[in-house]
Number of protein chains: 2
Amino acid sequence: MKHEDSPHTHHNHNDCIDTALDTAEILCAQQGQRLTKVRRRALELIWESHRPLGAYQLLAKLAEEGFNSAPPTVYRALDFLLGAGLIHKVESMNAYLGCAHADKAHKGYFLICDECHNVMEFDYQDIHAALIEKATHQGFELRAETIELTGLCAKCKAKPAGASA
Amino acid sequence: MKHEDSPHTHHNHNDCIDTALDTAEILCAQQGQRLTKVRRRALELIWESHRPLGAYQLLAKLAEEGFNSAPPTVYRALDFLLGAGLIHKVESMNAYLGCAHADKAHKGYFLICDECHNVMEFDYQDIHAALIEKATHQGFELRAETIELTGLCAKCKAKPAGASA
DNA sequence: TATAATTTTGTTATGATATAACAACTAAAA
DNA sequence: TTTTAGTTGTTATATCATAACAAAATTATA
Ligand SMILES: [Zn+2]
Ligand SMILES: [Zn+2]
Ligand SMILES: [Zn+2]
Ligand SMILES: [Zn+2]
């Protein structure tokens, strides 16, 4: 699994979105889960943002489109999408990000730029294996991993401070 | 650096607290920082809890003792202590934990038990080195690391579910 | 198809975490 | 001693998340 493309990288993001939604439909169907209108649209809206989206930002967008605008609406959709592995939560940002590899079981490891707030998901089996070993060695049964690295992305390092992408 | 003792391990926790406060005094003095009454007491209260303490839990304790009871009081103290490296924030819990090794520069890596909510800090230079290398390889300048592993601690694995320590 | 069971959504209220802004005070420096 | 920088007090508000229960829609069963 390799998904380390920068959000800056030139690409047709509509393709990303389409692929993600197709994958979501398939995965939900396989698992007997219902990708309802609001869930589907929530996922799409998250994907339309390259950067992680906050729950209330998402709620505002949904409200604009006539969906119910109370918080439980968005948190239920987020819970569903998280449970289905279609999105990740970035704990240190309280924000949500579409996962491009929902069909492959994996942990969400992130590189988060302090300057432009773009987030890159990366995969690192060596890290995962080492963490498992470390935890097991201490008699700890590992269930979830939050790996969030913050700093300055390559683009922002090359730019004068403040000029975020 | 080795600080992998379980909070369950029998020990005189008053010694931990005393040591932590002594270290804090020394570090602050060295850096020309002022460990004021409220900051010192906040650190002490955090240390008195083996488990990470929420900001408002801490605020309540401070208020009981006659300190100002508005949120900025506690968040200012927390900011100070975080900045001085005397405590860590556990992002996935929104809670704060005393660091037993404030005198040694290090990243806070945690093992968090879903059952008893105890948190063990662990150190793993290999992981740190690997993450640095990974980030650098992508042109990313790494500044901070959030490594939070959740699951079931050894004690809780050995116990019937629900009987948290 | 009718009915029941299950899941999803609507709605209101509240809880939990964190910061902005500005005034008052205090300690340190000049 | 005046200035300066740092700290604390105070009020208000922003931001993130869940509880509880009613209504509607979907799915399963009779
Ligand atoms: Zn992913
Ligand atoms: Zn950047
Ligand atoms: Zn530490
Ligand atoms: Zn435990």
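Note that the coordinates shown come from a computational prediction; the quantities given were computed from them, not determined experimentally. Labels below follow one simple rule: chain letters A, B, ... track the order of the sequence lines, proteins then strands, and each chain is numbered from 1. Side chains are part of it too, since the values below use all heavy atoms of this structure and drop only hydrogens, waters and symmetry mates.
- Using a distance-only test at 3.5 Å, with no hydrogens or angles considered, a donor-acceptor pair links the side chain of B:Gln57 to the main chain of B:Gly54.
- What separates OH of B:Tyr96 from P of C:dA16 is a distance of 15 Å, to the nearest Å.
- Contact check, B:Lys89 against C:dA18: a side-chain N or O comes under 4.0 Å of OP1 or OP2.
- Per the geometry, CG belonging to B:Leu35 stands 19 Å off P belonging to C:dT26, to the nearest Å.
- C:dA28 atom P lies 13 Å from atom CD of B:Gln33, rounded to whole Å.
- Residues of residues 59-71 of chain B having a heavy atom closer than 4.0 Å to DNA chain C, listed by number: B:Pro71.
- A straight line from CZ of B:Arg39 to P of C:dA27 spans 13 Å, rounded to a whole angstrom.
- Distances from the side chain of B:Thr36 to the nucleotides D:dT26, D:dT8, D:dT18 place D:dT8 closest.
- Summarising the geometry, the separation between CD on B:Glu91 and C1' on D:dA17 is reported as 16 Å, rounded to the nearest angstrom.
- No more than 12 heavy atoms of other residues, nucleotides or ligands shown are found within 6.0 angstrom of CD on B:Glu133.
- In this structure, the side chains of A:Leu149 and A:Ile112 stay at 4.5 Å or more apart for every pair of heavy atoms.
- No chain of hydrophobic side-chain contacts below 4.5 Å, direct or via other Ile, Leu, Val, Met, Phe, Trp or Tyr residues, connects A:Phe110 to A:Leu86.
- The shortest heavy-atom contact between A:Tyr109 and A:Leu131 is OH-CD1, 4.2 Å.
- B:Asn94 has its CG atom 12 Å from the P atom of C:dA16, to the nearest Å.
- Ring planes of B:His106 and B:His88: perpendicular class, angle over 60° (limits at 30 and 60°).
- Between A:Glu44 and A:Arg39 there is no salt bridge, since no side-chain N of the basic residue sits under 4.0 Å from a carboxylate O of the acidic one.
- Contacts between residues 73-81 of chain B and DNA chain C, defined by a heavy-atom separation under 4.0 Å, are made by B:Tyr75, B:Arg76.
- Nucleotides of DNA chain C nearest to B:Ala55 and B:Arg34 differ in position, and the one nearer the 5' end is that of B:Ala55.
- A salt bridge is absent between B:Lys61 and B:Glu64: the closest approach of a Lys/Arg side-chain nitrogen to an acidic carboxylate oxygen does not fall below 4.0 angstrom.
- Ring pair A:Tyr56/A:Tyr75 is perpendicular by interplanar angle, where above 60° counts as perpendicular and below 30° as parallel.
- The C1' atoms of five pairs define one axis at each end of the helix from C:dT1-D:dA30 to C:dA30-D:dT1, and these two axes lie 30° apart (to 10°).
- A donor N or O paired with an acceptor N or O is not found under 3.5 Å between the base of D:dA14 and the side-chain atoms of A:Tyr56.
- For the side chain to side chain contact (heavy atoms under 4.5 Å, CB included) with A:Glu48, the qualifying choice from A:Leu53, A:Leu43, A:Ile17 is A:Ile17, the only one to do so.
- Contact annotation for A:Lys37: no contact, since no heavy-atom pair falls under 4.0 Å across all strands.
- Of the two residues near DNA chain C, B:Met93 and B:Pro72, the one whose nearest nucleotide lies more 5' is B:Met93.
- The pair A:Glu148-A:Lys89 does not meet the salt-bridge criterion, since no charged nitrogen lies less than 4.0 angstrom from a carboxylate oxygen.
- Remark: B:Glu115 does not engage B:Lys155 in a salt bridge, criterion side-chain N to carboxylate O under 4.0 Å.
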